[in-house]
Amino acid sequence: MSNQHLAHHRAKWKSHIGFLFAAVGSAIGLGNIWRFPYLCYKNGGGAFLIPYFVALFVVGISLMILEIGIGHKMRGSAPASFASISRKWEWLGWWQVIFIMFGIMCYYSVIIGWCINYFVYSFNLSWGQDTGNFFFNDFLQASSVLASKNPFELGTIVMPIFLSLAVVWFLCWLVVFKGVQKGLERANKIFMPILFILMAIVVFWSVRLPGAGEGISIYLTPDFERLKSPRVWLDAFGQIFFSLSLGFGIMTAYASYLPPKSQITRDSFIIGLVNCIFSVFAGFGVFAVLGYMAHTTGQPFSEIVAESIGLAFIVYPKVISMMPHFGNLFGVLFFGALVIAGLSSAVSIVEAFTSAGIDKFHHKRGSLVSTLCVTGFLGSIIFCMQGSFLWIDIVDHFIMQYGLIIAGFFECILIGWVYGAEKLRMHINKHSVAKTYRIWDFFICWVIPLFLGLSIVQGLITELKAPYGGYSWLAIVLIGRDWLLYTLFAGIIVAGHEWRSDPRERMLE
Ligand code: PFF
């Protein structure tokens with residue numbers, strides 16, 4: 001098939017709203033419901049909203065415009081788009097998609113699997129009274145490994161997690177296999193409204209619980225002193241990256257299916273704002289629930305707020321068991337919302353890789369998605385063993401602290417300096433009604449790379465002082481650092497292969 005022919009036949013969204021639902025579906029994920037409220041509490045309550053929204057407007061929306069803009073202009077996945085700019089930069093696109101597929105997706109799918117299990121457990125509150133013990137000992141079966149803190153003691157596969165993992169990969173396969181319109185668009189058009197309804201019910205239910213007001217006032221009482229700490233700002237920027245699914249080539253792949261006449265600037269604002277408003281809204285629910293728990297047990301608030309994983313799988317089950325009426329229904333709605341939020345993000349990861357494989361090797365979608373999902377599933381097995389909890393912790397730390405930020409940094413250098421921020425802005429403005437202003441060039445060329453560069457240096461300084469999380473250096477190097485390096489090597493190798501046809505032929509005028 002000629003390339004002109006391929007470009008002409010490129011998959012397309014059926015409707016603009018379909019694209020928006022899919023992009024918002026990718027952005028809203030587990031991170032919005034469990035990670036954001038915790039970060040908010042840890043970093044000065046309501047005051048955290050300041051760095052968070054600064055990060056959204058300075059870095060988040062600017063990069064969203066960049067990723068959507070480049071996918072729209074080059075009509076290709078991240079590797080195809082970057083190769084169209086310069087073959088020397090193709091590795092970056094491959095690194096991004098390999099990295100999310102075999103880094104993030106392998107453990108993200110396992111956590112969605114946990115949510116599926118907890119969704120089922122909610123029906124008869126199987127976690128009993130001691131939810132912490134249930135989570136670590138009965139569910140993860142990780143007690144011995146957690147005590148030794150040695151991630152190389154992997155133990156055996158935990159069956160319920162393994163089975164739910166298979167369900168997650170099967171669902172992802174099904175959606176991506178069916179293609180852009182019949183798979184991604186249709187699934188997100190169903191997922192998103194259900195997610196919004198479930199979340200609305202959970203939040204309104206939570207704020208009516210006794211003691212909810214105290215929780216919410218802690219959530220919203222700002223401690224401006226905390227804003228002086230660089231850590232707070234780093235957390236805000238990291239969260240915006242992860243939450244908006246930036247730096248992974250996802251938005252680029254999704255934008256490549258847009259028609260020429262598109263609203264790139266406006267859509268970037270919509271996706272960014274909807275995602276962040278959703279987080280803030282979910283925060284009300286989470287803090288109301290924590291307030292209820294403090295009120296009922298008489299425990300101080302600071303003892304209740306757990307790290308993100310603990311919040312969803314230890315604190316929530318406890319609260320659900322304490323509810324006098326319909327606790328199990330509450331659990332079903334909450335864990336159901338988590339499963340849907342997670343799945344709509346997971347399919348976007350698989351699609352980013354699939355679209356890259358189709359662009360470069362002209363593979364058939366069906367066989368590519370099947371191979372990819374089977375490989376991904378096998379790769380995820382390492383995260384559903386008794387000792388995997390520690391692996392998740394280490395890999396997540398490196399991906400959050402470095403992976404995304406390094407990818408975002410290089411993206412800005414490539415577009416800002418090699419391709420030209422102004423050139424891309426001209427393209428965006430030619431096709432959209434709402435304009436992107438000149439200041440965007442300055443953000444892409446200077447402000448964002450400078451900030452991301454500083455974050456990387458600051459992170460490295462802390463990293464080198466002591467191994468993260470009290471693990472051994474060996475574990476940090478082999479699991480954390482090497483995860484970044486091997487995916488990079490793989491990216492460079494794939495980028496070295498010849499293109500079946502010139503990626504630049506797809507480009508829009
Ligand atoms: N944005 C998703 C969340 O907030 O949970 C997470 C995510 C999705 C991360 C897709 C990475 C990704 F490629």
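In listed order, ligands and their atoms are each counted from 1. Along the sequence shown, residues carry numbers from 1. All values reported here derive from a predicted model rather than from experimental measurement.
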Show me which atoms of ligand 1 lie under 4.0 Å from any heavy atom of [X].
X      : value
Ile100 : 13 (F)
Leu30  : 5 (O)
Phe248 : 11 (C), 12 (C), 13 (F)
Ile349 : 10 (C), 12 (C), 13 (F)
Ser243 : 1 (N), 4 (O)
Ser26  : 1 (N), 2 (C), 8 (C)
Tyr108 : 2 (C), 3 (C), 5 (O), 6 (C)

Open item on the list: Tell me whether Ser245 has any N or O atom under 3.5 angstrom from an N or O of ligand 1.
Closed with: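 Looking only at distances, the answer is yes, because the N/O contact criterion of under 3.5 Å is met.
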TODO: Taking Gln96 for its side chain and Gly247 for its backbone only, find out whether a donor-acceptor pair lies under 3.5 Å.
DONE: yes
Who gets closest to [atom] by heavy atom: [options]?
atom                    : options                     : answer
atom 1 (N) of ligand 1  : Gly25, Ala27, Ser345, Gly31 : Ala27
atom 13 (F) of ligand 1 : Asn32, Ile240, Ile250       : Ile250
atom 9 (C) of ligand 1  : Phe36, Phe99, Phe242        : Phe242

Hey, are the side chains of [X] and [Y] touching, using non-hydrogen atoms and a 4.5 Å cut-off?
X      : Y      : result
Ile85  : Ile70  : yes
Asn117 : Phe335 : no
Arg186 : Lys14  : no
Asp393 : Phe389 : no

- [ ] Describe, in one word, how the ring planes of Phe139 and Phe134 are oriented to each other, choosing from parallel (under 30°), tilted (30 to 60°) and perpendicular (over 60°).
- [x]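 Aromatic pair Phe139/Phe134 classed parallel.
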Open item on the list: Looking at Arg10 and Asp359, is any side-chain nitrogen of the basic one under 4.0 Å from a carboxylate oxygen of the acidic one?
Closed with: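 Here Asp359 pairs with Arg10 in a salt bridge, since their nearest N and O are under 4.0 Å apart.
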Open item on the list: Between Lys178 and Glu185, does any NZ, NE, NH1 or NH2 come within less than 4.0 Å of an OD or OE carboxylate oxygen?
Closed with: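 No, no charged N to carboxylate O under 4.0 Å.
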